[in-house]
Amino acid sequence: MTTLISGQTVAEHANRDSCWIIVHSKVYDVTEFLDEHPGGSKIILKYAGKDATEAYEPIHPPDAITTNLPIEKHIGAVDPNTIVKVVKEVTEADKRRQALMAARPPLDEILNLHDFEAVAKTILPDKAWAYYSSASDDEITIRENRAAYQRIWFRPRILRDVTHVDWSATILGQRSSLPVYISATALGKLGHPDGELNLTRAAGKHGVIQMIPTLASCSFDEIVDAAQPGQPLFLQLYVNRDREITKRYVQHAEKRGVKALFITVDAPQLGRREKDMRMKFVDDGAGAKVQEGQSDVKKDQGVARAISSFIDPSLSWKDIPWFRSVTNMPIILKGVATPEDAILALEAGVQGIVLSNHGGRQLDTSRSGLENLVDIVAALKQRGPWPNPNFSVFVDGGVRRASDVLKALALGASAVGIGRGFLYAFSSYGQDGVEKAIQILRDEFEMNMRLLGARNLGELVPEMVDASALHSHAGLTPNDNLYSSTYQPLRLAEFKNA
Ligand code: 173
């Protein structure tokens with residue numbers, strides 16, 4: 001029998017020279033890890049000698065600490081009778097949020113994906129909303145992602161007997177009930193205690209494909225374990241500076257049956273999401289100390305930047321053959337924005353590209369994936385057969401309606417990714433919300449395909465859309481009021497002593 005460590009003993013190691021913390025009832029000596037912690041040492045020191053589980057959980061997969069800390073630093077199990085429960089202070093804001101949570105509209109009053117966003121904005125903790133909804137700099141691109149869809153107008157066909165319409169798709173060889181996949185978004189437990197598992201379970205039930213994020217709050221294996229037998233899953237990959245770690249991760253994923261690898265190529269450094277950065281600033285409650293010049297203070301970085309330092313900015317075209325050598329999964333480059341790079345991807349022999357600007361979170365004033373689609377499809381057509389069964393072109397960013405998806409497909413996309421739409425669905429209603437989101441999309445596909453005169457996805461052709469205004473950024477489009485009403489403009493944090 002191993003002896004249990006008392007809470008009092010742990011509490012004696014509460015400083016920089018000897019720092020123990022409790023996570024999931026286990027005691028860890030993190031003294032030597034303090035300066036290596038991607039989120040900085042300060043946040044760990046806040047929990048020195050204490051139970052850090054609650055702060056740890058949303059931001060780390062359960063196995064992050066066990067895999068990163070040498071085994072000799074695993075001190076043992078804590079005696080549960082000796083820990084003084086840190087009673088978390090329930091703030092007025094928490095109470096208000098709980099009341100709003102209890103008063104959420106019933107799911108059957110949710111009519112579209114924007115509605116989930118409105119609920120999420122109201123009930124999410126400020127930090128979670130700031131992280132999820134933020135985009136880089138002036139947040140122009142995130143809005144352009146929506147606006148671009150509204151510069152495309154339909155040219156519907158009539159009298160085609162649309163009694164039966166079929167919107168099922170094949171995505172990278174996998175059957176999907178929708179021409180939509182769930183795109184990767186990080187840190188799902190900021191929004192809901194079950195995190196990404198809400199997506200996995202709903203996707204399994206409704207035949208939709210989920211792309212697992214590298215930076216999920218749930219561990220990769222928890223997500224795969226929550227899938228049904230044979231449920232197809234994709235994996236989004238951030239490439240680690242330590243390629244051995246990436247290799248192990250990719251090969252483990254392949255062994256566990258993941259069907260495709262989406263390598264993120266638009267984030268050698270994370271964009272400045274100022275809404276997220278400001279929130280962090282306020283919550284740590286010590287504005288002035290930022291100026292003290294401690295190099296490890298990352299409080300002004302926001303959640304994402306604080307945990308992204310492992311991402312390798314040296315990633316280049318030269319690495320593609322290496323990926324090929326470590327996996328047989330189809331490789332897709334996520335974050336392509338130009339015909340030049342689309343052609344390089346084709347020549348590099350990958351199986352596809354995602355035309356994405358990372359939900360407007362990276363280079364602000366980049367064009368929308370939808371606008372890039374037109375130019376990229378034209379370039380690919382010059383280079384060989386089209387559609388090319390060995391090279392898929394996906395689009396993501398700003399998709400909230402089946403009509404958006406139909407426009408992208410008509411212009412040549414193989415399928416479309418939705419990230420935030422599903423994230424807001426589970427943040428506000430858990431798995432039921434995701435199921436409802438899928439149902440809403442189904443209803444929208446049925447109606448829109450009937451009205452457009454397309455009985456299946458193969459009948460969606462470029463002639464069904466007028467994209468002549470797509471490249472015009474003059475802005476004569478009517479306001480998108482539903483979307484704009486949830487858009488949160490950048491605000492300075494509340495003044496401290498006001
Ligand atoms: O967009 C993001 O927030 C993102 O991709 C990310 C990257 C690193 C850590 C967390 C999130």
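It should be emphasised that the depicted structure is a prediction, and the values quoted were computed from it without experimental measurement. Indexing begins at 1, ligand by ligand and atom by atom, following the structure's order. The residues of the chain are indexed from 1 along the displayed sequence.
The pair R143-D364 does not meet the salt-bridge criterion, since no charged nitrogen lies less than 4.0 angstrom from a carboxylate oxygen.
Between the side chains of Q236 and T264, a donor-acceptor pair is found at a separation under 3.5 Å. For H192 and Q431, the side-chain atoms include no donor-acceptor pair closer than 3.5 Å.
Sorted by first and then second residue, the salt bridge (charged side-chain N to carboxylate O under 4.0 Å, His left out) pairs involving residues 189-217 (not counting sequence neighbours) are D194-R201, K205-E435.
Relative to the six-membered ring of F116, R104 misses at least one condition, a distance below 6.0 Å or an angle of at most 45° to the axis.
No close placement of the Y28 and F33 rings is indicated, their centers lying 6.0 Å or farther apart.
Ligand 1 lies under 4.0 Å from heavy atoms of Y131, A186, L215, Y238, L270, R273, A304, I307, S308, H358, R361.
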